[in-house]
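Structure, as structure tokens:
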Amino acid sequence: MESAKHLVFDLPSQDESGYQYPLVFKVIKFPCRGFTIGMGLSHAVCDGIGASQFFRAIIELARGKSEPSVKPVWERERLVGSITKQPLQIDYVDEASGAVSPFLPTKVLMHECIKVDRESIRRLKMSLMKESGGNESITSFESLAAYVWRSRARALKMSYDKRIMLHITVGVRRHLLDPPLPEGYYGNAIVDGVVVLTVRDLNERPLSEVVKLIRESKKVAFDSDYIRNFINTIETEQADLNIEGTGALTTMTDWKHLGFMENVDFGFMELVNTVPAPRDMFGSVDLCIFSSLSKIGFFNERRG
């Protein structure tokens with residue numbers, strides 16, 4: 001993970017004139033004929049699905065196509081909010097009520113990739129379904145999010161009777177139906193899902209109950225009224241998350257279905273891995289990304 005940071009330009013906040021850089025690319029070729037493409041972009045430009053669509057379009061144009069198979073659509077005005085007198089009352093954790101860790105803040109930080117195989121996920125989901133009585137199905141994201149959130153709080157020895165927040169980035173493209181977003185829209189279509197507990201509750205509740213809270217937060221985020229109210233709220237006010245880097249906030253996002261590993265045709269080589277290298281996102285220390293498994297081992301076996 002630390003090596004990956006050398007394969008992409010760090011996106012500067014602004015240039016000498018004060019303008020923000022929306023996008024940077026860095027391509028590195030290796031003697032083995034392999035190469036890496038480091039793409040850095042501002043989240044103000046697009047969300048994960050939009051970034052994946054843009055990446056595939058760049059590859060298609062580099063291969064000689066006259067235009068991308070999915071043409072980009074602007075239409076940002078569709079998701080512009082209006083000032084509201086009744087913003088959403090989202091239960092964000094503030095500095096006074098937020099849990100703290102004896103290990104944070106610190107400058108000794110490492111980003112790491114941890115492989116979790118399908119069998120481990122299957123066993124975790126089966127255990128959670130048995131604990132909950134098996135009445136509802138559990139997604140891989142829900143089970144992993146609950147497990148990682150609790151494990152992180154325990155590892156950081158968060159103060160037991162203070163509050164801790166799980167922040168989930170929820171994609172809502174499929175739920176914007178009146179009318180739906182056009183194919184090719186590459187802007188942001190994400191809202192916040194939030195679960196807040198005391199560290200004591202997170203530690204002592206059955207993990208299946210934490211899974212249920214995560215599922216309920218996603219359902220709320222999918223509601224069309226919530227989506228519109230959320231858009232209006234961020235137009236009206238910005239949440240001041242002054243607990244970044246303290247351990248009280250954990251942000252989780254799922255990259256497995258964004259399309260970075262699918263339908264990317266370089267014409268002569270196969271994409272074998274994507275690695276996130278976040279810089280100054282949610283304080284970085286607070287961010288956990290679920291991404292697709294690397295294909296490097298499979299690719300080497302097929303060649304050998």
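For clarity, every value in this text was computed on a predicted model and none was experimentally measured.
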Report all side-chain donor-acceptor pairs from residues 49-61 shorter than 3.5 Å, counting only partners two or more places apart or in another chain.
unit_1 : atom_1 : unit_2 : atom_2 : d
Ser52  : OG     : Arg56  : NH1    : 2.7
Ser52  : OG     : Leu258 : O      : 3.0
Ser52  : OG     : Gly259 : O      : 3.3
Ser52  : OG     : Phe260 : N      : 3.4
Gln53  : NE2    : Gly184 : O      : 2.9
Arg56  : NH1    : Gly259 : O      : 3.3
Glu60  : OE1    : Ser69  : N      : 2.8
Glu60  : OE1    : Ser69  : OG     : 3.3
Glu60  : OE2    : Ser69  : OG     : 2.8

Suppose we screen for side-chain contact (heavy atoms from CB on, under 4.5 Å). Which residues come up paired with [X], at least two apart in sequence or across chains?
X	answer
Arg200	Tyr160, Asp161, Thr198, Glu204
Thr106	Leu104, Val108, Leu109
Arg76	Trp74, Tyr185, Tyr186

Quick one, [X] and [Y] - any side-chain contact, counting heavy atoms below 4.5 Å?
X	Y	value
Glu142	Lys218	yes
Val100	Lys162	no
Glu183	Val70	yes
Val116	Leu144	yes
Thr251	Cys288	no
Leu197	Arg205	yes
Leu293	Arg118	yes
Leu41	Cys46	yes

Identify the two heavy atoms, one from [X] and one from [Y], that lie closest to each other, and give their separation to 0.1 Å.
X	Y	result
Gly247	Ile164	O-CD1, 4.0 Å
Ile121	Ser140	CG2-OG, 3.6 Å
Asp286	Gly245	OD2-N, 2.7 Å
Tyr226	Leu88	CE1-CD1, 3.7 Å

Please table the atom pairs, donor to acceptor, closer than 3.5 Å between any side-chain atom in residues 79-86 and protein atoms at least two apart or in another chain.
unit_1 : atom_1 : unit_2 : atom_2 : d
Thr84  : OG1    : Gln86  : N      : 3.0

Quick one: do Val172 and Phe230 satisfy side chain to side chain contact (heavy atoms under 4.5 Å, CB included)? Show the steps, please. CA-CA 12 Å; Val172 295; Phe230 181 86; over 6 Å; no
Taking the basic N atoms (NZ, or NE/NH1/NH2) and the acidic carboxylate oxygens, is any pair closer than 4.0 Å for Asp94 and Arg163?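 Here Asp94 does not pair with Arg163 in a salt bridge, since their nearest N and O are not under 4.0 Å apart.
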Determine, for Lys212 against Glu136, whether the closest basic-nitrogen to carboxylate-oxygen distance falls under 4.0 angstrom.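 Answer for the salt bridge query: no.
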Tell me, with the steps shown, if Glu216 and Val220 meet side chain to side chain contact (heavy atoms under 4.5 Å, CB included). CA-CA 6 Å; Glu216 289 172 352; Val220 169; 5.6 Å; no
Going through the checks in order, is the side chain to side chain donor-acceptor pair (under 3.5 Å) test met by Arg154 and Asn203? CA-CA 8 Å; Arg154 289 176 174 177; Asn203 269 292; 2.6 Å; yes
Only counting residues at least two apart or in another chain, list the ones meeting side chain to side chain donor-acceptor pair (under 3.5 Å) with [X].
X	value
Arg63	Asp265
Asp223	none
Asp192	Tyr92, His167
Glu75	Arg78

Please check if the number of heavy atoms outside Asp117 that lie under 6.0 Å from its CG is greater than 12.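 Atom CG in Asp117 is crowded, with more than 12 foreign heavy atoms closer than 6.0 Å.
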Step through the shown structure and confirm whether more than 12 heavy atoms of other residues, nucleotides or ligands are within 6.0 Å of NZ on Lys157. no
Reported CD1-to-OG1 distance for the pair Ile168 and Thr253, which is rounded to 0.5 angstrom: 10.0 Å
Apply ring-ring contact (aromatic ring centres under 6.0 Å, His included) to Phe222 and list each qualifying residue two or more places apart in sequence or on a separate chain. His175
Applying ring pair (Phe, Tyr, Trp, His ring centres under 6.0 Å), which residue pairs with at least one partner in residues 124-158 are found, sequence neighbours left out?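 As it turns out, the ring pair (Phe, Tyr, Trp, His ring centres under 6.0 Å) pairs with a partner in residues 124-158, which skip direct neighbours, are Phe141-Phe290.
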Verdict with reasoning, Val194 to Met165, per side chain to side chain contact (heavy atoms under 4.5 Å, CB included): CA-CA 7 Å; Val194 173; Met165 182 172 81; 3.8 Å; yes
For Ser208 and Ser132, run side chain to side chain donor-acceptor pair (under 3.5 Å): C-alpha distance rounded to whole Å, both residues' side-chain angles, the deciding distance at 0.1 Å, then the answer. CA-CA 6 Å; Ser208 58; Ser132 65; 5.2 Å; no
Go through the steps for Leu176 and Ile227 under the test side chain to side chain contact (heavy atoms under 4.5 Å, CB included), then give the verdict. CA-CA 8 Å; Leu176 293 166; Ile227 295 170; 3.6 Å; yes
Can you give each donor-acceptor pair under 3.5 Å made by side-chain atoms of residues 27-34, sequence neighbours left out, with the distance rounded to 0.1 Å?
none

